[in-house]
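Here is the structure we will look at, set down as structure tokens.
Proteins come first, then strands; the chains are lettered A, B, ... in the order of their sequence lines, and each starts at number 1.
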Number of protein chains: 2
Amino acid sequence: MMENDIFKALADPTRRMIFEKLASGSMNASSLRDGVEISQPAMSQHLAILCNAKLVRQERSGRFVNYEVDPDGLAMIANWLAKYRAYWPARIDALKDLLKDMDQ
Amino acid sequence: MMENDIFKALADPTRRMIFEKLASGSMNASSLRDGVEISQPAMSQHLAILCNAKLVRQERSGRFVNYEVDPDGLAMIANWLAKYRAYWPARIDALKDLLKDMDQ
DNA sequence: CCAATACATAAGCATACACTTATGTGATTC
DNA sequence: GAATCACATAAGTGTATGCTTATGTATTGG
């Protein structure tokens, strides 16, 4: 199932870090390793899992592979979260900011 | 870390099912087992993990323990998701519904 | 071509995780 | 107050997961 892939993908802190890095701009696998203590195969495996979860997508560019955030995965999480909107505390500031940003 | 606890808690399909069940109304541990093929210790362990992640909270009531959705955990996910709002596709219907519901 | 680069895949290993059975703990009921 | 009920905890076990080293596969540059 897709939902399961997403949550399993995000359950690993290294993958969330990779995802966060990609959110600041698309990058190839080597650039993602810069400043991070992680082996090349480990990075490759994490990226495969993120891609499979539709959180990240890839695009080949010569011998490089460019990775970027895939909105599909985020939309799935938003959908999941929406099911429980009745429980969201209305006063959460971050949430208000989110609304302001999106309601344009 | 709290964020890690939440995503790890949600990575298990059984726990997401338990959470979904609780979202439809607070329940004690025995009621949560109704119609679900899960042992009593397994349920207890899952609930402990969900509580630790602030996704669920408990309240003792005699010899029963009542479990309910904890908004704190959901707010944390909303916060996490908000960091990537730039990537949310604006046209997702569920998202629009969500916005409409919340912008009141 | 052939060496080097960028990345993927395979296989093995240590740890984490979700389950099991067994037992403990606190509250209720007879 | 002894038995029972609702739940928690302990200990053990099989499997999943994330890493490692080694090798494979495109692509590019000299």
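- At whole-Å resolution of the value, CG in Leu50(A) and C1' in dG18(D) are 13 Å apart.
- Phosphate proximity of dT20(C) to Ser39(B): present, with a side-chain N or O under 4.0 Å from OP1 or OP2.
- Taking only side-chain nitrogens and oxygens, Tyr67(B) comes nearer than 4.0 Å to OP1 or OP2 of dA8(D).
- Nearer the 5' end of DNA chain C, as judged by each residue's closest nucleotide, is the contact made by Ala29(A), out of Ala29(A) and Pro41(B).
- Per the geometry, CZ belonging to Phe64(A) stands 5 Å off P belonging to dA6(C), to the nearest Å.
- Side-chain contact check for Asn66(A) and Arg60(A): no donor-acceptor pair (N or O, by modelled atom type) lies under 3.5 Å.
- Across all strands shown, Ser30(A) has heavy atoms under 4.0 Å from sugar-phosphate atoms exclusively, and none from any base.
- Rounded to whole Å, the distance from CG on Asn28(B) to C1' on dG26(C) is 16 Å.
- A straight line from NE2 of His46(A) to P of dC7(C) spans 16 Å, rounded to a whole angstrom.
- For the pair Tyr87(B) (side chain) and Ala23(A) (backbone), a donor-acceptor distance under 3.5 Å is present.
- Mapping Ser61(A) and Gln40(B) onto DNA chain D via the closest heavy atom, the residue that lands nearer the 5' end is Gln40(B).
- Taking side-chain N and O atoms only, Thr14(A) has a distance below 4.0 Å to OP1 or OP2 of dC19(D).
- Using the six-membered ring where Trp is involved, Phe19(A) and Trp80(B) have ring planes that are parallel, under 30° apart on the 30 and 60° scheme.
- Proximity of a side-chain donor or acceptor of Arg15(B) to a complementary backbone N or O of Ala9(B) within less than 3.5 Å is detected.
- Remark: Gln45(A) is not in phosphate contact with dC7(C), judged by side-chain N or O atoms under 4.0 Å from OP1 or OP2.
- At a threshold of 4.0 angstrom between heavy atoms, the contacts of Glu37(A) with the nucleic acid are absent.
- Here Arg33(B) lies out of heavy-atom contact (under 4.0 Å) with every strand.
- Atoms CG (Asn66(B)) and P (dA27(C)) sit 16 Å apart, rounded to a whole Å.
- Picking from dC7(C), dA18(C), dA8(D) the nucleotide with the shortest atom distance to the side chain of Ile49(B) gives dA18(C).
- For the pair Asp12(B) CG and dA16(C) P, the interatomic distance rounds to 17 Å; values are reported in whole Å.
- Under the 3.5 Å distance criterion, with hydrogens and angles disregarded, no donor-acceptor pair is assigned to the side chains of Ser31(A) and Asp34(A).
- For the pair Lys8(A) and Gln58(B), both in contact range of DNA chain D, the more 5′-proximal nearest nucleotide belongs to Gln58(B).
- If you take CG of Asn52(B) and P of dC17(C), they are 12 Å apart, rounded to a whole angstrom.
- Heavy atoms of other residues, nucleotides or ligands lying less than 6.0 angstrom from NZ of Lys21(A) number more than 12.
- When each of Arg63(A) and Met43(A) is assigned the nucleotide of DNA chain C with its nearest heavy atom, Arg63(A) is the one assigned upstream, toward the 5' end.
- Applying the 4.0 Å criterion to OP1 and OP2 of dC7(C), one finds that Arg60(A) has every side-chain N and O outside that range.
- Taking atom CD of Glu59(B) as the reference point, atom P of dA6(D) lies 18 Å away to the nearest angstrom.
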